[in-house]
Amino acid sequence: ALVKTTTGQFVPAAVAKPASAPPDPTKVQGPPPGAVGTRSPFEQLAKKTSDTSSRTPLQSLYGTITPSDLHFERHHGGVPVIDPTAYKLVIHGMVKKPMTFTLNDLKRFPSVSRIAFLECSGNFRSGKQEMTPQEICGLTSQSEWTGVMLSTLFREVGASPKATWFLAEGSDAAVMTRSIPMGKGWNDAMIAYGQNGEALRPQQGYPARLFLPGWEGNTNVKWIRRIEVSDQPFMTREETSKYTENIKDGKIRQFSFDMDARSIITFPAYPVQLDKGWVEIKGLAWSGRGKILRVEVSVDAGKKWYPATLQEPVLDKAHTRFRFLWKWNGNETEIMSRAIDETGYTQPTLQQLIDARGTDMGGYHLNPITAWIIKRDGSVLFKPEKWK
Amino acid sequence: ALVKTTTGQFVPAAVAKPASAPPDPTKVQGPPPGAVGTRSPFEQLAKKTSDTSSRTPLQSLYGTITPSDLHFERHHGGVPVIDPTAYKLVIHGMVKKPMTFTLNDLKRFPSVSRIAFLECSGNFRSGKQEMTPQEICGLTSQSEWTGVMLSTLFREVGASPKATWFLAEGSDAAVMTRSIPMGKGWNDAMIAYGQNGEALRPQQGYPARLFLPGWEGNTNVKWIRRIEVSDQPFMTREETSKYTENIKDGKIRQFSFDMDARSIITFPAYPVQLDKGWVEIKGLAWSGRGKILRVEVSVDAGKKWYPATLQEPVLDKAHTRFRFLWKWNGNETEIMSRAIDETGYTQPTLQQLIDARGTDMGGYHLNPITAWIIKRDGSVLFKPEKWK
Amino acid sequence: ETKIITEMPATFGIGRKATNAEIKAWDIDVRPDGKGLPYGSGNATEGKVIFTQKCAACHGKEGEGGAYARLVGAMGDTVKAKTIGNYWPWSTTLFDYIRRTMPYNMPGSLKDDEVYSLTAYLLYRNKIIDSTKNMDAKSLPKVVMPARQYYVDDDRRGGPEIR
Amino acid sequence: ETKIITEMPATFGIGRKATNAEIKAWDIDVRPDGKGLPYGSGNATEGKVIFTQKCAACHGKEGEGGAYARLVGAMGDTVKAKTIGNYWPWSTTLFDYIRRTMPYNMPGSLKDDEVYSLTAYLLYRNKIIDSTKNMDAKSLPKVVMPARQYYVDDDRRGGPEIR
Ligand code: HEC
Ligand code: HEC
Ligand SMILES: [Ca+2]
Ligand SMILES: [Ca+2]
Ligand SMILES: [Ca+2]
Ligand SMILES: [Ca+2]
Ligand SMILES: [Ca+2]
Ligand SMILES: [Ca+2]
Ligand SMILES: [Co+2]
Ligand SMILES: [Co+2]
C-alpha cells in the first residue's frame, strides 16, 4: 500500500504487500536478518492528514509510546530540511556571554531522557457520531525525549537572574516564535535531540527542538535556532492571534501554557463493532500538571464511576494507559472516562467548561469527557456535544 | 542511501537523501504534514547483519527505547510472512479444555504493557580493538511490549496444577521450540502482540510471540502458534545442542534462562574521537533478575569506582541509562562500567567468569565488564580479552 | 591525576562565543515596546500596492479573506473571524509576523519598508490608523490595538478548579 | 442492569475449543520418553541414501560438515565441533529436529520413515548405534546418548555469586 510521506511523496508503507502469505509459513525459509526492520505489510497505520496537521491513530496503538512515524504533526511553515552539520543554536540577550552551540556541542553536555506526552492545545474536534479517537483528539502523542536541560545551557551562557521571559525561535519557514517564562526554562525545559531512542524525526523538529513537559504543543518550538533572553514577552503572532482563547466577559486568555488533565477511551470506540461479554475498556489519560492519580470509568452514561487500573509506571506529564474490565450485557449504554491528576483536578464535562468559560469559549484547551454510545447492535458511536 | 531490509531488498533508508539542505530553511516552505513520518535522510541508522543475526547500533541510540526497526534479530528459519487473519494459537496438553485463539481473541483479553529488554544469550563478541558496542553486544534491545499475560490464557484453558513445563512453538521455518517451566508461565510470561505502541514487527514475531521478561532471547519464541502443557521438558534441539554452555569439570549447563546483570559504556566508545575536557560517559545497564540498583564507573582501569547517575524510572528487567560526568585530562587511561542489580549481583570481569566456569567456558551468558582504552590522541579502543 | 567532580562545574566550556554578525542575522524579533524595529517606514497607500501584488491572491483583494485568512474586520464589525482589528492586541506583532513569514510562498523576502507599508495598510483597513499615517520604529509601537484591553494572563491556577 | 466485576472472572469465554484435527496437525514434538514419535521405522543403510540426496550438500558427504554444521564426531574423537556424538544428550531430539526443520531449504518435507532412517544414520555415524539397528518409536528413546551424563540444570542461584 502506498502512503503519503511528509515530503509529499507516495512510498510503500513498508515493504510492498505480498499477494498473500504462504499457506504454511513453516514450510518455507523466510528472509534473513536485515539492516532495517519493517512494519508488517498487513498493518496499515497512518496519520490522518489535513493541510496543517496530521493526527495519531490513537485507537490503533498499544501501550504508551507513539511510534515516531505516527507522532502527530502541526506545522506553520512545513517541515524544513536541516543539515545537522550546519545546525547551530544561538543564545543571546540578557546573558553574560552570548553563545553558539553546534548539534555536537548540545550532545556533549550532560543529557537527560524522559517519557512524556506532547499535545497541541487545539486538540479537540466534535460534530458527528462517526468520529474516531484519532479524529477527536489525535493531536497528542508520546515519546521518550532525550536532550540537554535548558538550565544547563542557561548556566553556560550566564543567563541573567533578572530575565523573566525568553524567546524561542525555529528555523522553519514560519520562523516560529514563542515567549516562554524563564521559570519554565530553569525548571524542566529541554533542548531535545532524541526521540524514542533515535534522533528527532524531521516532523518533530530535527535536529533539535524545545521540549516543555506538559505545555501546549506550539510552545515546544521545533527546529530551534535561537533563544533570546529578555525581561518581557515578545507578543508574537502565535501567542496573540493564535493559541489564546475567549473566556467569560469578553476576555481573551493569553499564555495559557499548561495542558489540563484529560482522558479518552480508545477501545471500544468508533468504528469498533462490539461483541457481548467481557470487554477490556482501554484508553489513555494524561495531565500537563503532573501525574495521573486516578482514572474513573462510567458504563452507565455517567451515573456511577469506577476506578480503572493504571499501567505502571505512572510517569509525570505522561500518557498513562488505563484499563477497566466490564461485561457488556448487550443493552444500549454510554461509556466514558475521566482523568484525575495529582493536583486534584478532575477532567470536566463540556458543560462544566462552558460554565467556567462562557458560551464564547474558544477552541483551545478543550479537554472535556468523551462519551461513546454503545448500540444494541454493538456499534459504537461518538457522542458529540455542541456549544455554539 | 540504500539499506537492506529483512526481506533482503535494498530500499532507501527513509526518503532519498536530498542533494543538500536549502542554505536557509526559513526561506522556503517545507512539505506539509504526512500520513507517515520519516527518518531524516541525514541519519543513517542500520543494524549490522550476519547470515543469522543483526545487531542494534547501541552507540548511536539515545535513552532506553530501541526503535523497532533497529531491534536486534536472531532467527533460525528466517522471518515468516504471517497473515494476521489466519493466525491462531493452540494451547493443549495438560489442560482442562484445549483451546484455539485468534489474534483478535488474544487482543480481547485483559492486556498489559511493560518496557523491558530482550537479549540473546549469545550476546558477546571480542577479538580486536576496533569493535563498537554494536559489535560487542548489539544483540540486546528494548521495547514497550503489550500483550496478554500467559497466566490469563492458562486460566482460560484450565492448565493443570500438576504441569511443570510447557512447550512453546513458533510458526517459522525452524518451527522453533523451547521448553519453559510453568512457574515462569504463571508468573510474568506474556503473549505479546504490541511493540513500542504498534503491532509487533515481523522480525520480532508478528503477529504474536512469547515474551519472558529477563530470560534469554531464544526462549521468547516468536510467531508463536502452539503451547503444549506438560509434566516434563521436551529437550528440543535449541535447549540441548544450542543455548547450553560448558562449565567446569566437563559439565554442560542446561536451562540457563536468566540473563545476568550487565552494562556497557556506549559513549565514549570505538570509533569515537574524544576531545579533552568534560565528557558525559553514558551507557546502558540491565539485569534479567530485577532492577539495576547501581552502576559504577571506573576511569582509571578499574582501580577506583564511582557511582553513575541512573535515569529514572529504573524499571524491572529493563535497559537502564547511566551517566557519569568526567573531565578527561588527555592522559591515556581505561574506562569501564559495572552493573549491580537488586539481587546484589555485581557484573563480573571475564577472569571471574573463567574462574567460575573454567577455561572450557561456553559462549553463552557472557556478561563481562567491557573496558575502553582512551589514547592520548583521543582515539577510543575496545580492550579485548582472550580465554581460549 | 584524573579529577572526579560529582557536582556540575560552573561551565562546561562547550560551545563558542556568538559573533555579533550571527546574532544580527537572526535577531529579527520585534517587541511591543518597539525594540527590534528596523530603520525604514511606510504608509497604507504604499502598502495597498504591495498587498495587491503579493498578498491579495491568498488573503483577498483588500484583505477580506480568500484561500487563506481574512485579515480585515474592525472591532464592532459583524465579521465573525478573528482579525487584526478585533483580536490582535499589539501592533508590533503585525510587523514581526509579516516580516518573518509572509508572503507564505516567499517567506522572509520583504524589505523593511515594504513591511512597514503592509503593516500600515492592514492597520488602516482595520480602522486603527488613517490612510496617511506613516509607520516607522517610533510610530508603530504607539498604535494601540482595540483588542488589547480584553487580554488577560492565564487565570487558571492549577488544582481542582475548572477554569 | 450492568454488572461490575472488579476481580477476574474464572473464564472470559474468549476463544474456542481446539479441534482434535488442528491439534494433531501441529502436535509434532517428540519427548525424551518417546511420546510423540510416530509410526514407522528406518535404519542407517536407508538413511545414508537419503542423506546423500538431501543433506550432504550442506553437511558434507557423510555429515563431516561443509557449508553448514558438522554433524559427526563421536565422543572422544579429536573433533572440536559440538556434534550429535559428543554433545547431544537425547536421541529423540534428533528425530524431532530433523522432522520439523530439515532439510533447511525444504523444511517439514520428510516422511516419517525418512526421518527414522536419517536419525539412525546419524546415530550410526556418531558411533552410537550400529548400522543395522532399526529405529522406531520403541527403540529410539532407548538409545542413550554419550553426552547425557554431562548435563546439569542451571546451577546459578541468583544473588551475589558469580557462576
Ligand atoms: C500563498 C498564500 C499566501 C500569501 C501569498 C500570503 N499569505 Fe498571509 N497567510 C497565509 C497562510 C496560509 C496563513 C496562516 C499561516 C499559519 O497560521 O500557519 C497566513 C497568515 C497571515 C497573517 C496572520 C493572520 C492571523 O489572523 O493570524 C497575516 C497578517 C498575513 N498572512 C499577512 C500577509 C501579507 C501581508 C502577505 C503579503 C506580503 C501575505 N500574508 C501573503 C497565506 C498567504
Ligand atoms: C540448504 C542447507 C541444508 C540442508 C540441505 C540440510 N541442512 Fe541441516 N542444517 C542446515 C543449517 C543452516 C543448520 C543450522 C540451523 C540453525 O541453527 O538455525 C542445520 C542444522 C542441522 C542439524 C543440527 C546441528 C546441530 O549441531 O545442532 C541437524 C541434525 C541437521 N541439520 C540435519 C540435517 C539433515 C538430516 C538434512 C537432510 C535431511 C539436512 N540437515 C539438510 C542446513 C542444511
Ligand atoms: Ca501545536
Ligand atoms: Ca536468541
Ligand atoms: Ca531581539
Ligand atoms: Ca518607505
Ligand atoms: Ca506433543
Ligand atoms: Ca522404514
Ligand atoms: Co494555551
Ligand atoms: Co541459557
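We name chains A, B, ... by the order of the sequence lines, and we start the count at 1 in each one.
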Trainee: Tell me, side chain or backbone of Arg155(A) under 4.5 Å from chain C's heavy atoms, or both, or neither?
Mentor: both

Trainee: For the interface with chain C, which of Ile252(A), Val175(A), Thr343(A) has the highest count of heavy-atom pairs at distances below 4.5 Å?
Mentor: Ile252(A)

Trainee: Among Gln352(A), Met176(A), Glu228(A), Lys97(A), who wins on heavy-atom pairs under 4.5 Å with chain C?
Mentor: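 It is Glu228(A).
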
Trainee: How far apart are the C-alpha atoms of Phe12(C) and Arg108(A), what are their side-chain angles, what is the distance that settles it, and do they pass the side chain to side chain contact (heavy atoms under 4.5 Å, CB included) test?
Mentor: CA-CA 9 Å; Phe12(C) 286 94; Arg108(A) 282 179 60 204; over 6 Å; no

Trainee: Under a 4.5 Å heavy-atom cutoff, which of Thr244(A), Leu353(A), Asp341(A) has the most pairs with chain C?
Mentor: Thr244(A)

Trainee: For side chain to side chain contact (heavy atoms under 4.5 Å, CB included), just list the numbers for Trp26(C) and Val90(A), CA-CA rounded to whole Å, side-chain angles, deciding distance to a tenth of an Å, and then say yes or no.
Mentor: CA-CA 9 Å; Trp26(C) 284 0; Val90(A) 173; 3.9 Å; yes

Trainee: Heavy-atom pairs under 4.5 Å with chain A - which of Lys82(C), Arg156(C), Lys35(C) has more of them than the others?
Mentor: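 The option with the most such pairs is Arg156(C).
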
Trainee: When heavy-atom pairs shorter than 4.5 Å are enumerated against chain C, which of Leu153(A), Asp249(A), Asn246(A) gives the highest number?
Mentor: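 Most heavy-atom pairs within the cutoff with chain C belong to Asn246(A).
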
Trainee: Taking side chain as C-beta onward, heavy atoms only, is Glu169(A) less than 4.5 Å from Ile28(C)?
Mentor: yes

Trainee: Looking at side-chain heavy atoms only, is the closest gap between Leu167(A) and Arg31(C) below 4.5 Å?
Mentor: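 Leu167(A) vs Arg31(C): side chains apart.
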
Trainee: Need one label for Asp27(C): side chain, backbone, both or neither, based on atoms under 4.5 Å from any heavy atom in chain A.
Mentor: both

Trainee: Work out which heavy atom in Pro32(C) is nearest to a heavy atom in Gln232(A); give both atom names and the distance.
Mentor: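 Nearest heavy atoms, Pro32(C) then Gln232(A): CD-OE1, 4.4 Å.
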
Trainee: For the pair Thr102(A) and Arg16(C), evaluate side chain to side chain contact (heavy atoms under 4.5 Å, CB included) and give the outcome as yes or no after the intermediate values.
Mentor: CA-CA 9 Å; Thr102(A) 64; Arg16(C) 62 165 172 82; over 6 Å; no

Trainee: Between Asn20(C), Asp29(C), Thr93(C), Asp96(C), which has the largest tally of heavy atom pairs under 4.5 Å with chain A?
Mentor: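 Of the candidates given, the most pairs with chain A belong to Asp29(C).
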
Trainee: Can you find a heavy atom in the side chain of Arg163(C) that is under 4.5 Å from one in the side chain of Arg253(A)?
Mentor: yes

Trainee: Hey, is the main chain of Glu156(A) close enough, under 3.5 Å, to the side chain of Thr11(C) for a donor-acceptor pair?
Mentor: no

Trainee: Find the one option among Pro110(A), Pro233(A), Gly77(A) whose heavy-atom pairs under 4.5 Å with chain C are most numerous.
Mentor: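 Top option by heavy-atom pairs under 4.5 Å: Pro110(A).
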
Trainee: Do Ile247(A) and Val152(C) touch side chain to side chain, with heavy atoms closer than 4.5 Å?
Mentor: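 Answer yes - side chains close enough.
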
Trainee: Out of Glu238(A), Arg225(A), Glu342(A), Glu245(A), return the one with the most heavy atom pairs under 4.5 angstrom to chain C.
Mentor: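 With the most close heavy-atom pairs to chain C, the winner is Arg225(A).
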
Trainee: For Trp90(C), is there any backbone N or O sitting under 3.5 Å from a side-chain donor or acceptor partner on Thr240(A)?
Mentor: no

Trainee: With a 4.5 angstrom heavy-atom cut-off, which part of Asp355(A) approaches chain C: side chain, backbone, both or neither?
Mentor: neither

Trainee: Would you say His76(A) and Thr101(C) make side-chain contact, with heavy atoms under 4.5 Å?
Mentor: no

Trainee: Is the count of non-hydrogen atoms from other residues, nucleotides or ligands lying under 6.0 Å from Lys248(A) atom NZ greater than 12?
Mentor: yes

Trainee: In sequence, state the C-alpha distance, the side-chain angles, and the governing distance for Lys251(A) and Asp155(C), and then conclude on salt bridge (charged side-chain N to carboxylate O under 4.0 Å, His left out).
Mentor: CA-CA 11 Å; Lys251(A) 297 285 176 202; Asp155(C) 57 347; over 6 Å; no

Trainee: Any side-chain heavy-atom pair from Val30(C) and Phe234(A) closer than 4.5 angstrom?
Mentor: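 When only atoms from C-beta onward are counted, Phe234(A) and Val30(C) do not touch, as no gap falls below 4.5 Å.
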
Trainee: Are Ile23(C) and Pro98(A) close enough that some pair of their side-chain heavy atoms sits under 4.5 Å apart?
Mentor: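 Result yes, sub-4.5 Å side-chain heavy-atom pair found.
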
Trainee: Any luck finding a side-chain donor-acceptor pair between Tyr97(C) and Ser241(A) under 3.5 Å?
Mentor: no

Trainee: So with a 6.0 Å cut-off around OH of Tyr345(A), is the heavy-atom count from everything else above 12?
Mentor: yes

Trainee: With a 4.5 Å limit on heavy-atom distance, are the side chains of Lys17(C) and Met99(A) in contact?
Mentor: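 No, side chains not in contact.
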
Trainee: With chain A, which of Thr19(C), Ile84(C), Asp33(C) has the greatest number of heavy-atom pairs at distances under 4.5 Å?
Mentor: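 Of the candidates given, the most pairs with chain A belong to Asp33(C).
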
Trainee: Identify the heavy atoms of Asp105(A) and Gly15(C) that sit nearest to each other, and give their distance.
Mentor: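 Smallest heavy-atom distance, with atoms named: OD2-CA, 3.4 Å.
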
Trainee: Between Arg237(A) and Trp88(C) (side chain of the first, backbone of the second, donor and acceptor by atom type, cut-off under 3.5 Å), is there such a pair?
Mentor: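 A pair under 3.5 Å: no.
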
Trainee: Do Asp153(C) and Gln254(A) get their side chains close enough for a donor-acceptor pair, meaning under 3.5 Å?
Mentor: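 Yes, because at least one side-chain N or O of Asp153(C) sits under 3.5 Å from a partner of the opposite role on Gln254(A).
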
Trainee: Looking only at heavy atoms, what is the nearest atom pair of Ile14(C) and Phe101(A), with distance?
Mentor: O-CE2, 3.3 Å

